[in-house]
Amino acid sequence: MRKILTLGMICLSISLFASKSADWHLPVEGKPVNIFKHNFTGIPILETSTHYYGLNHVSQAILWSVEKSKTQNATEAASSAAAMSGVGGDMVGDVAALTSIEAFKEITYTPFVSIHNRFVDVGSGNILMGTGEDVYKEILSDDIIPELYMLLVKVKAEDGSRVVYAIDLETRKVSWKQKLAEPSGTKDVLKKAAGAAGVSGMSISIFAPKATADGNIVYKNDNDLLLLNAKDGSIAWRNECKPGTFFMDDKQTKLISIEKASGASSMMSTSGVGKEMMAIDIKTGKMTWSKPVKLDEKFRMHLNIDASTFVVAHKKGLNICNFETGEMTWKKDFGAENIKEITVKPEGIEVFYGNKLMLIDKTTGKKAWKKAIEFDVDESEEGSMITKDYDKGVFMVGQSYVGLYNRESGKKIWAMGCGEGFKTAFDNVNNKVAVMDGKKLYVFNPEEVAKKPEKIKLDIEEPSEITGFETMKDGYFIQGLNEYIFVDKSVQPKSQNYYKPLKTDRLLKAALYASAMSTAVMSTEITMTDADGNVVASGGAFMDTESARAMGDMSDAQIGAYRKLQADAALKGASVGNRDFAFFLKGEKTDAGDKMSIVKIEKNSGKEVDSFDFGDNRKVVFELDKQANKLYFLDEGSIKVYNL
């Protein structure tokens, strides 16, 4: 998945800071093209007509430089300029065009990038792949194995073969490489099936590689499953089982593969998975059941019960399956349409399906309760659901509603319908929930609502761009790309503003929108912390239901690996993101001509406390770094830095 600009490529006059000298500057080669920030590390990246540079704003030095490929430079520079300036299409088309460019590609949640098909560590400038025998045409997938603290990168090599590289995240060096497949005219069925969008959902790979108990790796390549030796990359076995997804038993001796659905070419969810299950011995790679087990309908989900059994759910029911034999525990599946969640409890299996909650006897497969708890919601609604327990009931967020429901009866205490694409955010400390539903904003305590939450009376200009929901001492600071709203603790709006970009600033709009779409947890510069106060991820708290569910499904090992990797990759001595202020770019037409300025907003009050005015010449490139509170100004022959 590609990470794109946060805020940049805005053109200003040379007399930008005529009354203020740059705090420091450094020489660079080539004509100014672009400035943007590497999302995971926060390192500023400078692009000129001849080079990419990494900037260390702590030591005030060029961290590294990589010369552009002369053969690719001209075409990609033209494509990039067209995509970012809005030539030949609308904003969404511009973003789509931008994401097809391979000049600079971030490797999500890592300190690595691909620059003109050279794999670079942005913290050091070291080139790990892309030269000599390791030249590649394209990166096909990348996956972090948290238990091994390893990154696996699959590429299409120069000769068309598929090769996987293992990168040790401690040393940030290639440990080994392994050819997976010879050159072929067919395309990979998987590009990168991971990522997220703060405004449109998060996709999670359903067949990401998995580490085994003995330190090896189960890896999917096209229609094959392989076991790779984690120490040297050698292939222990290969099984041509056409996997759609797979999982292991608790002892990690058996692997269950679910076949790929017929005709499926790319799968971001279980929609591309079929009905047939087969068991594979992890040590030998051989099939262990006498024949594959066929489900009544397409596979939906599974959950391990113990070392020997697992619950398997399909589109119209569920059963308990034996890892060793493939036999089902019950003669007949428990019928359940539209299964949303399965929970294994000491007293049985709790399944939420449609709008009902039922406990199932693990021995008989019969209902353990006389009747299901039927919640007052649409039973035909598909998709993920979020539930959160409160003293008075269960708060539910579906695909088209939010509401509080009685835990025992399922009767609604209150409920509110929501439009397509609505987003929620949670303030757990104060028991508040925020809902952004189109241009309507609600902030409420679910237990204090009578019939439905009261809408906050304000006019939101661009609700699709709102991503940030931050709890401040005196209220909530809600932030979009060009817009902010401040409401106090009693949920009264105190300040709001929308800084409309000049119509000619398609450049700004495309860059900011692309940034918001790039990932749900990295799209803005708000930090998310765990119960101990440790930073888990940086990103906007407003998420749709699918994104929030995907975030919740991240394992402790994944979160721990990301946290450690980000700490190791960060610039030493860099300041922590500023919680007190937000910055916006303001464009306006005046009698004297165009006027552009950076506006500084105090988050705890929503008040404008300062501004920096600019001219109207659009030939100079700059970026506002909201984390480091710096302005990077790329002039021909130098990078100038202003401390805000």
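These values consider heavy atoms only, across backbone and side chains, with no hydrogens, waters or symmetry-generated copies. The shown structure was predicted, so the numbers you read here are calculated from the model rather than taken from an experiment.
Note on ring orientation: taking the six-membered ring where Trp is involved, the planes of F444 and F395 are perpendicular (angle over 60°, cut-offs 30° and 60°).
Residue M301 comes nearest to I339 through the heavy atom pair CE-O, 3.6 Å, listed as atom of the first residue, atom of the second, then distance.
More than 12 heavy atoms of other shown residues, nucleotides or ligands fall within 6.0 angstrom of atom NZ in K275. Heavy atoms of other residues, nucleotides or ligands lying less than 6.0 angstrom from CD of E420 number 12 at most. Annotation for K367: atom NZ does not count as buried by contact number, only 12 or fewer foreign heavy atoms lying within 6.0 Å. The number of heavy-atom neighbours closer than 6.0 Å to CD of E297, taken from other residues, nucleotides and ligands shown, is above 12. Heavy atoms of other residues, nucleotides or ligands lying less than 6.0 angstrom from CD of E447 number more than 12. The number of heavy atoms from other shown groups lying within 6.0 Å of NZ (K455) does not exceed 12. Counting heavy atoms of neighbouring residues, nucleotides and ligands inside a 6.0 Å radius, atom NZ of K242 does not exceed 12 of them. Counting heavy atoms of neighbouring residues, nucleotides and ligands inside a 6.0 Å radius, atom NZ of K412 does not exceed 12 of them.
Looking at R300 and E382, a side-chain N of the basic residue comes within less than 4.0 Å of a carboxylate O on the acidic one, giving a salt bridge. Remark: E350 engages K345 in a salt bridge, criterion side-chain N to carboxylate O under 4.0 Å. Salt bridge K254/D249: absent, no basic N to carboxylate O contact under 4.0 Å. Of the charged side-chain nitrogens involved, none lies within less than 4.0 Å of a carboxylate oxygen, so that K316 and D333 do not count as a salt-bridged pair.
N319 places a side-chain N or O within donor-acceptor distance of the main-chain N or O of W330, the cut-off being under 3.5 Å. Remark: side-chain polar atoms of K432 are paired, donor with acceptor, to backbone N or O of K489 under 3.5 angstrom. In this structure, the side chain of N355 engages the main chain of V377 through a donor-acceptor pair within 3.5 Å. Proximity of a side-chain donor or acceptor of Y484 to a complementary backbone N or O of F477 within less than 3.5 Å is not detected. With D361 contributing its side chain and K366 its backbone, the two residues share no donor-acceptor pair below 3.5 Å. At least one donor-acceptor pair under 3.5 Å links the side chain of K340 to the backbone N or O of G354. A donor-acceptor contact shorter than 3.5 Å is absent between the side chain of E276 and the backbone of P292. Judged purely by atom type and a 3.5 angstrom limit, K423 uses its side chain to pair as donor or acceptor with the backbone of I466. Distance alone, capped at 3.5 Å, is enough to place a donor-acceptor pair between the W289 side chain and the F323 backbone.
Side-chain contact, N431 with N445: no donor N or O sits under 3.5 Å from an acceptor N or O.
The distance from atom CG of N223 to atom NZ of K260, rounded to the nearest 0.5 Å, is 4.0 Å. Atom CZ of F486 and atom CG of N604 lie 5.0 Å apart (nearest 0.5 Å). Expressed to the nearest 0.5 Å, how far CD1 of I349 lies from CD1 of I320 amounts to 3.5 Å.
Taking the salt bridge (charged side-chain N to carboxylate O under 4.0 Å, His left out) definition, one finds that E381 meets it with nothing, sequence neighbours left out. The salt bridge (charged side-chain N to carboxylate O under 4.0 Å, His left out) check on E461 picks up nothing, with sequence neighbours excluded.
Of the residues listed (H302, M278, K298, M277), the one engaging I258 in a side chain to side chain contact (heavy atoms under 4.5 Å, CB included) is M277, and it is the only one.
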